[in-house]
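Worksheet: the structure to be examined is printed underneath.
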Amino acid sequence: MGDSQTWTAAPSAAEHARSVLAASWSCAVTAEGGREEFVGAHTVAEDGRVTLDVPEDSTLVAAAICAPRGEPSAVLEFADVAPVPVRSRIRARLWIAGWFVPVDGRLEFKATRVVLRRPSGAVVVDLDEFAAAAPDPLATAEARLLTHLADCHPDAVERLTRFVDADSLHGAVRVQPLAVDRHGLTLRIERARAHGDVRLPFHAPADDVARLTERMHVLLTQASAASCPRALQRQRTDRDG
């Protein structure tokens, strides 16, 4: 494809949902017994099935035993939180409705409905698509990658703002990396009382960290050849004064 930015694909709703699930370390469970928060207690199978390892005295165990089979009786909630400190850090929420089945001392969840809420709105994810989808290959490494970019390479983040329209940068007080996946990098532009996001697509998908490094080098090289937005230049002058 060359180095021109022609790859504009983005994760499907099912892929995004599976990525949220793959990266989440905790989940909240709402059932008849109330709401409980679990950290490091769930595992995810290749088809997206969630299994919880909970204490024997958890109210979920009793709820699972007493709940009618085949009828939704619980909701799992997973939050997709930006690893870099920004406003509105929750990038998406994933809800999975269904019921628990006790299996060998653990609770296996049978999903009947999957809903992904993103800033653009909520979407119901087809169960078959959810089961067949794979999480983004960078999902579990994203937190480390973004915090490294923000903490160790702020100059690179600033250089990438050269892709952003000057009007979008007007009044900006901070720009941070918000998200990255195999298709592109998203920047969060924060102003005094508002914020917005800008997506920078890669010229080709990055299916591992090595390819991501190459894609980022291409973006930075292209950014170096671009002119610096006037809005950002004015901000530099104001800060230096």
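With R18 contributing its side chain and A133 its backbone, the two residues share a donor-acceptor pair below 3.5 Å. Between the side chain of R188 and the main chain of R87, a donor-acceptor pair closer than 3.5 Å is present. For S12 (side chain) and E15 (main-chain N/O), a donor-acceptor pair under 3.5 Å exists by modelled atom type. Of the possible donor and acceptor atoms, none in the side chain of R191 sits under 3.5 Å from a partner among the backbone N and O of V173. Using modelled atom types, one side-chain atom of T112 and one backbone atom of A97 make a donor-acceptor pair closer than 3.5 Å. Without hydrogens or angle criteria, R113 side chain to V124 main chain gives no donor-acceptor distance under 3.5 Å. A donor-acceptor distance shorter than 3.5 angstrom exists from the side chain of R89 to the backbone of A82, with no hydrogens or angles considered.
In this structure, CG in L169 is found 5.0 Å from CD1 in I189, a value given to the nearest 0.5 Å. A distance of 7.0 Å separates CZ of F38 from SG of C27, quoted to the nearest 0.5 Å. One finds the CZ atom of R144 at 9.5 Å from the CG atom of L138 (value rounded to the nearest 0.5 Å). How far OG1 of T51 is from CG of L107: 8.5 Å, rounded to the nearest 0.5 Å. Here T43 contributes atom OG1 and L52 contributes atom CG; the two are 8.0 Å apart, rounded to the nearest 0.5 Å. Atom CG of L149 sits about 9.0 Å away from atom CG of D151, to the nearest 0.5 Å.
What you find for S19 and D136 is that their closest heavy atoms are OG-N, 2.7 Å. Residues F202 and L212 approach most closely at CZ-CD1, 3.5 Å, considering heavy atoms. Closest approach of V86 and R174 over heavy atoms only: CA-NH2, 3.7 Å. In terms of heavy atoms, P83 sits closest to L146 at CG-CD1, 3.8 Å. Residue A111 comes nearest to I96 through the heavy atom pair CB-CG2, 3.5 Å, listed as atom of the first residue, atom of the second, then distance. Nearest heavy atom pair, residue T140 against residue A22, reads CG2-O, 4.0 Å.
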Report the C-alpha distance between V218 and R215 in whole Å, list the side-chain angles of each, state the deciding distance to 0.1 Å, and finish with yes or no for side chain to side chain contact (heavy atoms under 4.5 Å, CB included).
CA-CA 5 Å; V218 170; R215 305 301 185 254; 5.7 Å; no
Worked check of side chain to side chain contact (heavy atoms under 4.5 Å, CB included) between L160 and V175
CA-CA 10 Å; L160 290 171; V175 178; over 6 Å; no
Give the C-alpha distance, both sets of side-chain angles, the deciding distance and a yes or no for side chain to side chain contact (heavy atoms under 4.5 Å, CB included) between L178 and Q176.
CA-CA 6 Å; L178 176 70; Q176 291 277 50; over 6 Å; no
Checking V81 against W25 for the side chain to side chain contact (heavy atoms under 4.5 Å, CB included) test, could you report, in this order, the C-alpha distance in whole Å, the side-chain angles of both residues, the deciding distance, and whether it holds?
CA-CA 11 Å; V81 182; W25 182 242; over 6 Å; no
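Considering only heavy atoms from C-beta on, H42 stays 4.5 Å or farther from L76 through its side chain. A 4.5 Å side-chain heavy-atom check between R199 and H183 finds at least one atom pair inside the cut-off. P177 places a side-chain heavy atom less than 4.5 Å from the side chain of V157. Using a 4.5 Å heavy-atom cutoff, the side chains of H203 and Q222 are not in contact. The shortest distance between side-chain heavy atoms of T30 and E77 does not fall below 4.5 Å. Looking only at side-chain heavy atoms (C-beta outward), F163 and V198 stay at 4.5 Å or farther from each other.
Under the 4.5 Å side-chain contact rule for hydrophobic residues, L21 and V75 do not share a cluster.
Environment of CD in E46: sparse, with no more than 12 heavy atoms of neighbouring residues, nucleotides or ligands closer than 6.0 Å.
A ring-ring contact (aromatic ring centres under 6.0 Å, His included) check over residues 116-141, counting only residues at least two apart or in different chains, returns nothing. Within the structure, every pair that satisfies the ring-ring contact (aromatic ring centres under 6.0 Å, His included) test and touches residues 101-122, not counting sequence neighbours, is listed here: F100-F109.
A salt bridge links E108 with K110: the closest approach of a Lys/Arg side-chain nitrogen to an acidic carboxylate oxygen falls below 4.0 angstrom. Look at R91 and E142 and you find a salt bridge, because one of the NZ, NE, NH1 or NH2 atoms lies within 4.0 Å of a carboxylate O, short of that distance.
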